[in-house]
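Side-chain atoms are counted along with the backbone in the values below, which use heavy atoms only and exclude waters and symmetry mates. Counting convention: from 1, in listed order, for ligands and their atoms alike.
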Amino acid sequence: MGLREAVLQGLPPDGGLYLPERIPVLPDSFWQKFPDLAFADLAYEMAAAWISPEEMPADTLRALVADAINFDAPVVPVEENTAAVELFHGNTLAFKDFGARFMARLMRYFVAQSERPLRILVATSGDTGSAVAHGFLDVAGISVTVLYPAGKVSDVQERQFTTLGRNITALAIDGTFDDCQRLVKQAFLDETLTRQMWLSSANSINIARLLPQMFYYARAIQQQMQRGISPEKTAFVVPSGNFGNLTAGILARRMGLPFGQMIAATNANDIVPKYLLSGDFSPKPSVATLSNAMDVGNPSNFARLFALFGESVAEMRAEISAYSLSDDETRRTAAELFAQTGYATCPHTAVGFAAAHADAQLHPDRQYLVLATAHPAKFDSLTGEPHALPQRLAHVLTAEKLSIPMQNDYAALKQWLQT
Ligand SMILES: *Cc1c(COP(=O)(O)O)cnc(C)c1O
């Protein structure tokens, strides 16, 4: 099994998840130049440890990485012992831009070796659709169909994937997010359809999305060192839903990146915090919260974490702590943080800061790097203060929304795909 297959297929036929057979460890020569590497060079060195020249020539990989990772992940000090790692400087204002842009370019490279066009089907409750649509915009040989629940995503989210046009089409399904997911699954399982066209998914469990998420952990530690803060004292706090982001951090550590504890911050969907307490993994239906991109009742990357820790809860506890925060705590944290420091957070990032504050009670000597997973302007303000959308995104507020309304019915989807 090579990278090409794993990336294009997304999901293995046995119902599991792809994980690399072997995690490459970065050599001493990398760490010697690490403190001064530009982000693009740092990202290239890490990617090259995973992708052999047989899979992609080195100069092609270097250009691909530079094109995908065209925005930074700055560390912004917020409090005495906390700083935000801002992952929202890409096109759609959320960290998913890193994974989606990289995956799109990797797929384009692999697809170019084939004659057939590739169709990506993606179901979204909001963020994934916009990141994937922007990631694949104008990527030759690939078209994207986004299925979303009509009337159930925020206006800004909807605009981000319905105003693009070109190789991106949006279907407004008269149903819920779960219906959209079911329709997509049904299409993948439909052998008549998959004989007629080359279909792939771009969901968060594609291994190609984890790779670029390792880069910004290293970029953040590099900035800690430049601030004179030791990596070992630094704990990462990761607002988590499907646990892809956190899994990427663990993979970065296995590549040799030094840092202290990994802290998972969840909302009321507390499957992983409960697992770390009890050793019992019990998925349950998700509950709706303010941090809706983290409303996941059965985190799919848990299977990867479980394997990475040798299926041992004790081993996982040694590296990962977890906190579950309520909507009240989230709102209070965002309001206090804004009042005391002027730093505005999205609801997901606020969950992260609340977890950092809880952990600091037990570990006053830690320095926290909270991953700021989305720009505050993407969501309703938690502080009463409106947060302005960055200028470069203002155009989505005026562009025309184009989507095709569709019944919640597989036959309708299939017919549309076939014509
Ligand atoms: C997707 C998302 C998360 C959760 O990330 P996972 O990798 O699924 O744990 C957190 N915050 C925001 C803003 C997101 O879009």
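Backbone and side-chain nitrogen or oxygen atoms of N242 are examined, and one is located within less than 3.5 angstrom of a nitrogen or oxygen of ligand 1.
Heavy-atom contacts of G244 reach the following atoms of ligand 1: 6 (P), 7 (O), 9 (O) (cutoff under 4.0 Å). Listed by atom number, the atoms of ligand 1 under 4.0 Å from N245 heavy atoms are 7 (O). Listed by atom number, the atoms of ligand 1 under 4.0 Å from A374 heavy atoms are 13 (C). Within ligand 1, the atoms closer than 4.0 Å to a non-hydrogen atom of S240 are 9 (O), numbered from 1 in the order shown. Those atoms of ligand 1 that come under 4.0 Å of a heavy atom in K96, given as number and element, are 1 (C), 2 (C), 3 (C), 14 (C), 15 (O). Ligand 1 places these atoms under 4.0 Å from at least one heavy atom of P239: 4 (C), 10 (C).
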Anything under 3.5 Å between a donor and an acceptor, one on a side chain of residues 129-136, the other on a protein residue two or more places apart or in another chain? List them.
from	atom 1	to	atom 2	distance (Å)
S130	OG	D127	O	3.1
S130	OG	Q160	OE1	3.4
H134	NE2	Q160	O	3.1

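Side-chain polar atoms of T92 and D97 form a donor-acceptor pair below 3.5 angstrom.
The option from A264, G241, C346 that lies nearest to atom 4 (C) of ligand 1, judged by heavy atoms, is G241. Counting only non-hydrogen atoms, the option in F88, F95, F243 that gets closest to atom 3 (C) of ligand 1 is F95.
The aromatic rings of F71 and F98 are tilted relative to each other, their planes meeting at an angle between 30° and 60°.
With sequence neighbours excluded, the residues satisfying salt bridge (charged side-chain N to carboxylate O under 4.0 Å, His left out) with R182 are D179.
Under the 6.0 Å distance and 45° angle rule, R254 counts as a cation-pi partner of F309.
With hydrogens and angles ignored, the 3.5 Å screen pairs no side-chain donor or acceptor of R253 with any backbone N or O of P258.
If you look at F88 and F95, their ring centroids are not closer than 6.0 Å.
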